[in-house]
Amino acid sequence: MTPAAFAYSRAATVDEALDLIAAGDPATRVLAGGQSLIPLMKLRLARPERLVDVGRIGELRGIRDLSGGGLAVGALTTWAALLEDPRVTRYGALADVLPVIGDVQVRNRGTIGGSLAHADPASDIAAPALALEMELVARSAARGERTIAAADFFAGAFATVLGPDEMLLEVRLLGAGRSAASAYVALPQPASGYPIAGVAVSLTGTPGGAATTGCVIGVTGVGEQQYRAYDVERSVVAGTPFADAAKTIAAGQRVASDIHADRDYRAAMAVVMARRAFDAAVARQG
Amino acid sequence: MELIHRPASAGTAATEARIAIDLVVNGERVALEVEPRRLLVDVLREDLDLTGTKVGCDTSSCGTCTVHLDGRAVKSCTVLAVQADGSAVRTVEDLAPDSEHLHPLQAAFVEHHGLQCGFCTPGMLMTALDLLARDPDPSDGEIRHAIHGNLCRCTGYQSIVASIQEGAAVMRGEPPRTWTEAHAAPRSTAPAPDR
Ligand SMILES: Cc1cc2nc3c(=O)[nH]c(=O)nc-3n(C[C@H](O)[C@H](O)[C@H](O)COP(=O)(O)OP(=O)(O)OC[C@H]3O[C@@H](n4cnc5c(N)ncnc54)[C@H](O)[C@@H]3O)c2cc1C
């Protein structure tokens, strides 16, 4: 299978890339590792007329320390590069998610920025991005730079708040405090590996989960889009035992249904994954 | 059914333009002109006659198209040839100079029944070599995790894992063992990690 014809240009710098997409033409697409876009183009589910290859922009690759113990991950950093960096183990949910994304070959090409921008409602990274409250730095030639909280980033299935003239540059993880512990647990669809239900939980507070002062929950694969389980978060902080609070994790969502998992099963698995992620996060506290 | 011929507009004319790319394929510099939409696997097979690399599913799932791009295993059906410009590509043809002198990993696949129909083998070899470059002494579980993106519909994987273990041992400098010797004393029995 061969994609439909398109015009190709390669950007050497961020500024060059932003100039090439500045017209805001939706038929122009940025190409990073191509692990989502190329399969879609081969199936002709996507037919961009122009591709701007950003895969060689060195300034968007790599991980650097932020003051306060945080990390800034360039949008073009591959899953493999993240997996091989010991600093990611500061973030339990991130360390959990990396080895289960795709396979070696996909992790060698696929980038964190590409996955977030693609916004597959079942992408694994969405749940840790929400639970760890990642901050996404985006820039356009016309409007300059802005920082978007993960909770404000996704705008429906395969949709984000990014404009067609805007690029994701960096993903920021803020300092993981000593008492903050997180985990990601997913039930993978056995053939594709994508989550039927995936939940990330991040906790702040006394070790053991007795006095939880902060609880942030990201859910992927379950609803029409990835989401924060705000109601569950609030009830946990108010003192409800997690297992009780998590029973409503899929409430109010239009839960996806397919041949691998019907609505009820998927919703039930979201509850189970949430409980497991909570237990794993508690085990990491202290 | 009637075929509709649409003349190329000025806009599409530019899209057909070929782009000059430079690759180092199996150690040799190759200069090519390719349409941007052409996949690396097709350029390797059709333009460079390197048909050892196979097209299986053509949907990024089966891994038989795996080659090394700048030392990393990638699915060449999911890479545009233009993306590989300036990169080093290594295909299965580079492993052995001829059929008399197989790479130790290939020899291990032969001895330890790592293939039946052989269609997945080029990809299995390239993915296994990516693993062994980083981890020369993996457990069975680590091998299974590494070949997650390579599908085999014949062997049930048991003999592939055994072949990679034996190939890895020889690459580490241990003496080759026959299938019978290896069967009597497996090198590793570590369980596979989840998925
Ligand atoms: C076989 C296979 C298995 C997979 N399994 C999993 C899995 O189990 N779990 C999972 O979560 N994912 C999985 N994936 C998806 C994979 O993780 C993503 O395809 C990859 O990370 C996307 O990154 P990319 O660089 O390849 O993006 P590309 O394919 O290059 O781009 C994807 C989209 O994002 C846009 N884009 C890319 N970079 C930017 C940027 N910096 N700014 C703005 N827009 C941008 C592109 O225009 C495009 O629309 C799998 C993929 C394959 C092929």
Side-chain angles (χ1 to χ4, degrees), chain A residues 1-10 12 25 27 31-45 47-56 78-81 83-84 96 99-110 124 185-195 276, chain B residues 8-9 11-19 21 34-42 55 57-63 65-87 123 126-128 130-131 134 142 145-151 193-195:
Chain A
M1 291 183 291
T2 303
F6 54 86
Y8 173 88
S9 39
R10 185 183 303 142
D25 176 4
L31 175 69
Q35 299 303 290
S36 287
L37 190 50
I38 293 173
L40 285 180
M41 289 172 63
K42 288 172 70 179
L43 295 168
R44 312 245 170 154
L45 294 170
R47 299 179 76 128
E49 286 163 22
R50 178 176 289 276
L51 282 192
V52 176
D53 186 351
V54 298
R56 298 295 176 86
T78 61
W79 301 126
L83 198 52
E84 286 162 16
D96 289 339
V100 304
I101 295 174
D103 49 49
V104 168
Q105 297 95 315
V106 168
R107 291 193 295 270
N108 281 342
R109 294 287 295 164
D124 280 293
V185 180
L187 174 70
Q189 198 269 89
S192 77
Y194 281 88
R276 290 185 188 170
Chain B
S9 71
T12 53
T15 67
E16 310 293 355
R18 289 166 172 244
I19 291 183
I21 60 169
V34 295
E35 247 190 282
R37 61 169 162 164
R38 292 198 65 213
L39 301 166
L40 179 59
V41 69
D42 293 331
V55 178
C57 68
D58 210 3
T59 55
S60 324
S61 306
C62 79
C65 66
T66 301
V67 301
H68 292 183
L69 189 60
D70 292 327
R72 293 278 189 166
V74 303
K75 291 177 179 171
S76 61
C77 82
T78 314
V79 177
L80 300 172
V82 285
Q83 288 180 291
D85 183 21
S87 294
M126 299 315 283
T127 301
D130 175 290
L131 167 71
R134 263 162 276 283
E142 286 162 340
H145 186 71
I147 60 170
H148 184 81
N150 291 78
L151 302 183
D194 286 347
R195 24 170 183 167

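Below, chains carry the letters A, B, ... as their sequence lines are ordered, and counting in each starts from 1. In what follows, every heavy atom counts, from backbone to side chain, and hydrogens, waters and symmetry copies are set aside.
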Determine yes or no for a side-chain-to-main-chain donor-acceptor pair under 3.5 angstrom, with R44(A) supplying the side chain and T2(A) the backbone. yes
Once you round to the nearest 0.5 Å, how far does CD of Q35(A) lie from CD1 of I101(A)? 12.5 Å
Chain A: which of T66(B), L69(B), T59(B) shares the most heavy-atom pairs with it under 4.5 Å? T66(B)
With no hydrogens and no angle check, is any side-chain donor or acceptor of K42(A) less than 3.5 Å from a backbone partner on L39(B)? no
Hey, which of L31(A), V106(A), D53(A), L43(A) has the most heavy atom pairs under 4.5 Å with chain B? L31(A)
Cut-off 4.5 Å, heavy atoms of chain B, and the answer for A191(A) is neither
Let's test your reading of the structure: which of T127(B), L151(B), D85(B) forms the most heavy-atom pairs below 4.5 Å with chain A? D85(B)
Any donor-acceptor N or O pair under 3.5 Å, side chains Q105(A), D130(B): no
R107(A) side chain vs P99(A) backbone, donor-acceptor pair below 3.5 Å: yes
If we define contacts as heavy-atom pairs under 4.5 Å, which of M126(B), R72(B), R134(B) has the most with chain A? R72(B)
Region of V55(B) that comes under 4.5 Å of a non-hydrogen atom in chain A: neither
